[in-house]
Each structure stands twice: as structure tokens, then as C-alpha cells.
Amino acid sequence: MPYFKYKGIPFSSEFFSEEKLSYVENDFQLLDDDIVNAAYPKSGTHWMAEVLSLIQSQGDPSWVQNVPLGERAPWIELDEDLKIALKNPPRLLTTHLPFQLFPKSFLHSKAKVVYTLRDPRDAMVSVYHFIKGFKELKDLGTMEEFMESFLSGEVAYGSWFDHVKGWVEMKDRANIFFNTYEELKQDLRGSVQKICHFLGKELNSQQIDSVVENASFHKMKDNKMSNFSTTPENIFDQTKAKLLRKGICGDWKNHLTVAQSERFDRVYWENMRGVNMTFPWE
Ligand code: PPS
């Protein structure tokens, strides 16, 4: 499957078009009551979409149990999802876009963004497995080969480092909230409470319990509306890969050699030195 580059960032031509990416960047109007779930791929995007959906429905699981995740929290940059995004206020939107391709209208809106990060080594390993399910996407080669593509940003949505740095530059805005996959794993309830506070949503203790329960790995893995099984078979082969694969922190240790992990660290610090935020994996 061919890739094309939009402003230097690789995209698969099966799911994206230059025309729509340009529309999203320049013309898509974010509304003040929009909530945007933003993350680099494989960083907990679906998990956060589930948490935000459950917060929207005040802990009532019927929405997440009956409506596919892509309809509840459509990806603005995906050709198909954009149509849903445009007709669905009040809107919960999702994106993997780097900040420089995110709608410019954000800069003068009060739309709230929840940006989720994950240890890039785990995100990289997760992509490596997930891509095997896509029938038309090109084989990624060995883990070592893929690691080099990942480190140089020659992967879908571009460089992890540039993505994170672009979004972190927005950190002083009141309408953006940063959290990590690792924090969600460590204390989901605490994270849900912080997110509710950021969104100005008041949920009682039982409602928060329901968010936590229904956004658990096992509930999501069994929920056909959230586990990617609504993706057509001609696009994604569920027998070759799973969206909800392991759901743990540190799986990279099972995939990288000591030499590979040392090389990853070197490139990481070359890129991240001077970034004014610290992360649980550092
Ligand atoms: S995507 O396709 O880029 O949007 O993928 P994304 O949703 O960002 O990330 C998929 C990884 O998130 C894990 N995941 C979870 N972990 C813990 N708990 C819950 N509820 C959960 N939901 C999704 C999923 O298993 C993928 O990680 P890996 O490491 O591959 O298991």
C-alpha cells in the first residue's frame, strides 16, 4: 500500500487524502464545547476514547456497549470519520495528528484537548504488532529495521519526538490536559477524577466506579464496539493482530536487545533534552 507525505509526514493513501488533511488543518472549525482525544498512535487512544465516552455518559455503559467507538469519538483526519465528526455536536473527537497539522481553529477556541503519551518503546512495539493485521499495509521488516524507521520518523504520523514536542509546546494553555498511559495503568480512578475536573464534569463516586470498571482492559477487549472488531475483514484480519493485545507497561523489554535499547535511549535523549516536562519512563 503506497504512502504519501503531507507536509513531510507519512500517511497511508488507503485511509487519508491530502485534500482532507488540508481541510482539517485549515478549515475544520473546533467548537468551544468540543472535547478532543489526542495521542500519537498506540499510546492509549482507544482507552482514552472509552474513558471520555463513559464520562460523557456519566458512567452509564450503554453508549459504549451499543455504539462503535469510531462513531462516538471519530478521528477527524480519517476520510470516513470526518463525516461523522462534522454532524455530531456535542462532539467528542479523536486525532493522532501532530500539532502542526491539527486544526488551526484550536488557537482561538476553548475546545478542550486531552493529550495522552506513552513510553515510545511500548508504542513502537505495539505498532509493530498491530500493523500485521492490516491486509494492505506494507510489512515492517524486523523489529530492528522498524526501530530505525521509528527513530527517524519514517512511520505513519511521523516522528514520536516531534509529535510530543509539538504538543508539549501548548502545555501552558488552560484547555489542554496531559496524561500518560503509565498513569492510567497505575491509578485509573485518580486519572478519571483529574480528567473530570479538567472537563468541568461532576461525577459521583458510583459513576466514577462505573467509568473505571467499563474502561478496564478486559471489558474493552470483550466489547465489540471498542475492540476494533467492527473494522471490515477486508481491511483488518483479527486473526493476525488485536487492538487490545497485552495492555501492559514495559513490553518493549521482551522485544529489544540491550544494544537496541541503548541505541533507543541515545536517540531519545538527543531529541528530548531540554523538553520542559518529565515522563514516568525517564
Ligand atoms: S491506535 O490504533 O493507534 O489508536 O492504538 P491506541 O488505542 O493508541 O493504543 C493501543 C494500545 O493501547 C492498549 N489498550 C489498553 N491498555 C490498557 N487498558 C485498556 N483499557 C486499553 N485499551 C487499549 C492496547 O492493548 C494497545 O497496547 P498493546 O501494548 O499493543 O497491548
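Atoms within each ligand, like the ligands themselves, are counted from 1 in listed order. Not measured: the values here are computed from a predicted model.
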Set of residues that line ligand 1, where lining means a heavy atom lies under 4.0 Å from it: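 The answer is P41, K42, S43, G44, T45, H46, W47, W75, H96, R118, S126, F130, Y181, A215, S216, F217, M220, L243, L244, R245, K246, G247, counting any residue whose heavy atom sits under 4.0 Å from ligand 1.
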
Restricting to side chain to side chain donor-acceptor pair (under 3.5 Å), what partner residues turn up for D34, sequence neighbours left out?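 D34: side chain to side chain donor-acceptor pair (under 3.5 Å) contacts with R91.
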
Check side chain to side chain donor-acceptor pair (under 3.5 Å) between T45 and all other residues, then give those that pass, not counting sequence neighbours.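 Side chain to side chain donor-acceptor pair (under 3.5 Å) list for T45, sorted by chain: empty.
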
Quick one: do K219 and E50 make a salt bridge, cutoff under 4.0 Å?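 E50 and K219: not salt-bridged.
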
Are there over 12 heavy-atom neighbours, none belonging to K240, within less than 6.0 Å of that residue's NZ?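 Check fails, neighbour count at 12 or below.
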
Which atom pairs, one a donor and one an acceptor, fall under 3.5 Å between side chains of residues 189-200 and the rest of the protein, sequence neighbours left out?
residue	atom	partner	partner atom	Å
R189	NE	D209	OD1	3.0
R189	NH2	S205	O	3.2
R189	NH2	S205	OG	3.2
R189	NH2	D209	OD1	2.8
S191	OG	D187	O	3.3

Using the rule side-chain contact (heavy atoms from CB on, under 4.5 Å), only one of Y181, W167, W281 pairs with L117; which is it?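 Only match with L117 under side-chain contact (heavy atoms from CB on, under 4.5 Å): W281.
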
